[in-house]
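Please read the structure below before turning to the comments.
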Amino acid sequence: MSTNSTRPRILLVEDEESISEPFSRALAREGFEPVVARTAAEALKLAGLVEPELVLLDLMLPDGDGRDVCRELRRRSDTPIIMLTARGTETDRIVGLELGADDYVVKPFSSPEVIARIRAVLRRSRRDEEAAVRLTLGDLQVDSEARRVRLGDDELDLSRKEFDLLVVLADAAGRVLTRDHLMARVWDENWFGPTKTLDVHIGTLRRKLGDDPSNPRFIHTVRGVGFRFATDEELRSSA
């Protein structure tokens with residue numbers, strides 16, 4: 001599939017026509033180019049063909065679980081993903097974000113709300129691409145342009161959010177970053193979901209870095225405030 005359109009292409013994965021058709025029209029009116037997939041298989045196929053700038057992904061699909069689609073899409077690329085689902089518990093949100101989703105919208109939703117979230121996620125994604133950094137802190141190397149992290153001789157397999165969180169923390173090594181600051185930088189300045197997801201991501205990032213929570217080398221908790229990443233000098237002295 002090819003197109004000469006310069007409008008941001010949005011892959012909408014939704015099997016209910018009562019939702020996909022009016023929302024596709026709303027996306028088109030707002031300057032986007034919507035492409036609709038109605039099944040998990042079609043979503044994975046179209047994602048490779050149309051190379052969308054963002055995926056809106058329903059979790060309840062006729063031929064599979066949208067979470068599996070999210071996992072596969074994230075394995076292939078860093079394309080932003082917003083999940084659409086009727087399941088809105090805190091646990092569901094955290095699981096979705098852990099799988100690599102950038103945002104999570106609970107049905108029923110309004111088109112203006114989702115479109116605002118799309119614009120916010122795209123702005124953040126483009127800002128991250130423009131603000132590429134390369135960091136070396138002790139035996140940790142972070143390349144945000146290539147989205148690669150090496151710890152000694154090992155390359156770490158981080159989710160999109162884990163990587164973004166690491167970049168924000170490491171780029172401010174030695175400074176204490178508040179929880180609100182991290183949520184705004186890594187998720188959204190207007191984030192209103194559970195802050196527990198930050199703790200979940202800090203926990204998984206620590207495990208992948210080999211950090212002992214009781215005696216961390218990289219990520220230090222500053223109680224009542226937030227987190228601080230160790231400086232190059234601290235990391236070299238603790239190696």
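Just so it is clear, the model here is predicted, and its values are computed rather than measured.
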- request: May I ask you to say whether Asp143 pairs ionically with Arg150, meaning some side-chain N is under 4.0 Å from a carboxylate O?
  value: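 Salt bridge between Asp143 and Arg150, a charged N being under 4.0 Å from a carboxylate O: no.
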message: I'd like to know if Asp102 pairs up with Lys161 as an ion pair, taking the criterion as any Lys NZ or Arg NE/NH1/NH2 lying under 4.0 Å from an Asp or Glu carboxylate oxygen.
response: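 Salt bridge between Asp102 and Lys161, a charged N being under 4.0 Å from a carboxylate O: yes.
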Within-4.5 Å side-chain heavy-atom neighbours: [X] and [Y]:
X      : Y      : value
Phe227 : Arg179 : yes
Leu158 : Thr204 : no
Arg147 : Asp164 : yes
Asp171 : Val142 : no
Leu166 : Leu140 : yes
Glu14  : Val36  : no
Leu198 : Leu165 : yes
Ile81  : Leu73  : yes

query: Hey, mind stepping through Val114 and Leu27 against side chain to side chain contact (heavy atoms under 4.5 Å, CB included) and telling me if it holds?
result: CA-CA 10 Å; Val114 180; Leu27 286 169; over 6 Å; no
Side chain [X], main chain [Y], donor-acceptor under 3.5 Å:
X      : Y      : result
Glu42  : Arg38  : yes
Arg9   : Val50  : yes
Asp211 : Ile219 : yes

Where is the tightest heavy-atom contact between [X] and [Y], given as atom of each residue plus distance?
X      : Y      : value
Gly48  : Arg76  : N-NH1, 4.3 Å
Ser24  : Pro34  : O-CG, 3.5 Å
Val121 : Ile82  : CG2-CD1, 4.1 Å
Gly66  : Leu61  : CA-CD1, 4.2 Å
Thr85  : Asp58  : CA-OD1, 4.4 Å
Gly174 : Thr231 : CA-CG2, 3.5 Å

message: Within a 6.0 Å radius of atom CG on Asp157, are there more than 12 heavy atoms belonging to other residues, nucleotides or ligands?
response: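 No, not enclosed.
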message: Would you say that more than 12 heavy atoms from the other residues, nucleotides or ligands in this model lie under 6.0 Å from the NZ of Lys107, or not?
response: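 Count over threshold, so yes.
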message: Quiz question: by atom type and distance under 3.5 Å, do the side chains of Ser159 and Arg74 form a donor-acceptor pair?
response: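 Arg74 and Ser159 do not have a side-chain donor-acceptor pair below 3.5 Å.
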query: Can you tell me if Ser111 and Arg29 form a side-chain donor-acceptor pair at under 3.5 Å?
result: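 The answer is no; no qualifying pair exists.
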message: Checking side-chain hydrogen bond (donor to acceptor under 3.5 Å, both in side chains) between Glu234 and each of Arg217, Arg228, His220, which is the one that passes?
response: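 Filter result, single survivor: Arg228.
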- request: List for me each residue that meets salt bridge (Lys or Arg N to Asp or Glu O under 4.0 Å) alongside Asp63, sequence neighbours excluded, and say none if there are none.
  value: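 For Asp63, no residue satisfies salt bridge (Lys or Arg N to Asp or Glu O under 4.0 Å) once neighbours in sequence are set aside.
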message: Is the ring pair Phe23/Phe109 parallel, tilted or perpendicular, if the boundaries are 30 and 60 degrees?
response: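 Taking Phe109 first and then Phe23, their aromatic rings stand perpendicular (interplane angle over 60°).
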- request: Give a yes or no on whether Met60 and Leu56 share a hydrophobic cluster (residues Ile, Leu, Val, Met, Phe, Trp, Tyr; joining criterion: side-chain heavy atoms under 4.5 Å apart).
  value: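 No, Met60 and Leu56 fall in different hydrophobic clusters.
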